[in-house]
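What follows is a short report on a single structure.
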Amino acid sequence: MSAYDELRLELSEVSDVLSALNLLNWDARTQMPSGGVGSRGQQIATLSAIAQDRLASDRLLMLLDECETELEGLPEDSVERRSVTAVRQASAFYRRLSPSLTREFAALKTVAQEHWAQARAANNFALFAPDLERVVAFSRELAQAIGYVDHPYDALVGLYEPGMTAKRLERLFAELRQGLLPLLRRITDSGVTTRDDFLHLDYPVDSQRAFALEVAQAFGYDLTRGRLDASLHPFEISLTRDDVRITTRYNQNFLPQALFGLLHETGHALYEQGVEPALARGALTSDLMNLYAVAGVSFGAHESQSRLWENLIGRSQGFWAHWYERLQLHFPTQLEGVSVGAFHRAVNRVTPSLIRVEADEITYNLHIMLRTELELGLMDGSLLVRDLPEAWNAKMRDYLGITPPSDALGVLQDIHWSSGYIGSFPTYTLGNIMSCQFFEAACEQQPNLEQSLANGDYAPLREWLTQNIYRHGRRFTPDELLRRSTGRSLEVRPYLDYLERKFAALYSLERSSA
Ligand code: ZN
């Protein structure tokens, strides 16, 4: 047996452990009784430690050395060599990271999430602040273990978005802000009020589910390799490409929530279902650094697909021109007398608001910039945890012109920091940016694409995405993936063009002179 075959065998077992971890997490969020929390935490910790030990082992290190010699003749970006590189990076990481540190952090996360929930319920930031201080301190240690040149944030954001740095983010976000803020001002100054009362009527959940699932299947979600459940927060999780699960959350009195939530998760699912079968149970369908079975190349690239299917397709005029009659069949009384144009405007209403997850396509990014800037400050020490609520509110005023009436509706709204995630927020906006760059390239390379989309035929788009993105799993870096499929590195322009085009039409704005 070659060293590489041995490595593959080793990795297939690590990958099985990660899939089992995903399954435990899926179960915890959809089926598990609340009493199971404690024992589930222990099971997850045990399996994580097993994966970590395998990746940090001396035997693996030896195998990696042998593989590197054995594969020297292959191209640097071959599946084999990229697999070895991914495992090498994980091995170095876990050998540097002391097991006691990871155990402490796992324990801290459990406590921090509990305190965060209490702090949010009591609207009392002080209940969560000490834990957050420890999360920040741990994240600094983590950044040390990963290594960085300029900013500790580079190491953290790089865990979720390989190749991204604080400097690059600052540049990208500055350009984005310069486009977004004037556009938002033109929209709010337009005086256009959008009616959306009909979205808040009684929409029976069964019909919501039936319609949304019909669309998901039309997009290409394969139910023989997937399933849909309900959960408190919508998510997608894959065990392998042949078992890719999604969830959504139903609100009987607000139609868009479950529908767009489901289209979003469908985008994530198409990515996972589209990976090449040969890559299954390997290093290129496993996020070894985050101990997570996932084929998507980065959080941002993954998010680009959920946003593409949810927003670029699901909130487009052409989409509703095709699907609206069908929706009306499900909800004849609720949508009686509501034109397709009025419906399309309602599901694209722009309004500065307090909560990130409820934000529209434009203001959403401002919520992300705010969080990213605060995280940068926390990591380099220029912002102290105790000053966070005030800094949060000041930025909300700056970007969105509103002041949160409480910390529960402000700095305490997201679960991320209590879960130990510092550095993941920017990937949501990176996903938005990428989605437009991919979509623009797909339209350029396939002249009939827009016609097929107008006919409700999503196969040509899905095929392009599969060929250019999905099938490769984690073989390429996000930048390589962009350059191979669009000819360019990440750029903000296609995204700003898209927003300008879409919202100038929706709000009858004078076209921007810029
Ligand atoms: Zn997502």
Side-chain angles (χ1 to χ4, degrees), residues 22 25-26 29-30 157 159-162 164 212-213 215-216 219-221 226-239 241 244-251 256-275 287 290 292-315 347 355-369 371-372 413-417 419 421-439 462 465 469-470 473-474 478 481 490 495:
N22 279 17
N25 278 311
W26 172 82
R29 295 163 75 178
T30 56
V157 73
L159 269 182
Y160 312 111
E161 200 63 26
M164 193 44 65
L213 203 51
V215 178
F219 283 177
Y221 181 51
R227 58 175 284 137
L228 168 65
D229 292 87
S231 66
L232 202 55
H233 299 284
F235 65 95
E236 173 275 328
I237 202 161
S238 69
L239 312 186
R241 71 185 294 281
V244 179
R245 305 176 184 200
I246 55 177
T247 71
T248 193
R249 172 169 55 171
Y250 298 96
N251 180 340
Q257 185 161 322
L259 172 61
F260 291 108
L262 198 138
L263 299 190
H264 180 102
E265 303 310 332
T266 296
H268 283 302
L270 292 177
Y271 198 155
E272 294 295 314
Q273 288 190 333
V275 70
D287 181 347
N290 291 303
Y292 197 66
V294 65
V297 70
S298 69
F299 278 43
H302 228 299
E303 199 64 11
S304 80
Q305 295 312 299
S306 56
R307 303 288 163 135
L308 190 154
W309 290 99
E310 176 196 356
N311 292 334
L312 274 58
I313 304 300
R315 288 182 205 265
V347 297
I355 305 295
R356 173 184 64 88
V357 296
E358 292 166 8
D360 55 78
E361 278 184 81
I362 292 180
T363 59
Y364 186 91
N365 301 293
L366 300 170
H367 288 274
I368 293 301
M369 287 178 196
R371 286 157 177 75
T372 304
Q413 67 182 263
D414 293 307
I415 195 172
H416 298 59
W417 291 337
S419 314
Y421 285 112
I422 291 187
S424 75
F425 277 124
T427 64
Y428 295 118
T429 283
L430 293 173
N432 284 335
I433 298 173
M434 266 184 237
S435 70
C436 285
Q437 193 170 332
F438 284 130
F439 189 62
R462 193 179 62 251
L465 294 166
I469 306 172
Y470 304 164
R474 299 171 64 85
L481 208 57
L490 183 62
Y495 184 44

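Atoms within a ligand are numbered from 1 in the order they appear, just like the ligands themselves. Numbers here simply count residues along the sequence, with the first being 1.
Cation-pi geometry between R315 and F260 is met: the NZ or CZ atom falls under 6.0 Å from the ring centre, inside 45° of the normal.
Within the coordination shell of the Zn ion (ligand 1), defined by N, O or S atoms under 2.8 Å, E236 is absent. Taking backbone and side-chain atoms together, H302 has no N/O/S atom less than 2.8 Å away from the Zn ion (ligand 1).
Looking only at distances, no side-chain donor or acceptor of R249 sits under 3.5 Å from a matching main-chain atom of H233.
Put simply, the residue from Q273, Q305, R462 that forms a side-chain hydrogen bond (donor to acceptor under 3.5 Å, both in side chains) with Y470 is Q305.
A perpendicular orientation is assigned to the rings of H264 and H268, their planes being inclined by more than 60° (bins at 30° and 60°).
Geometry about the Zn ion (ligand 1) gives an angle of 120° between NE2 of H264 and OE1 of E303, rounded in steps of 10 degrees.
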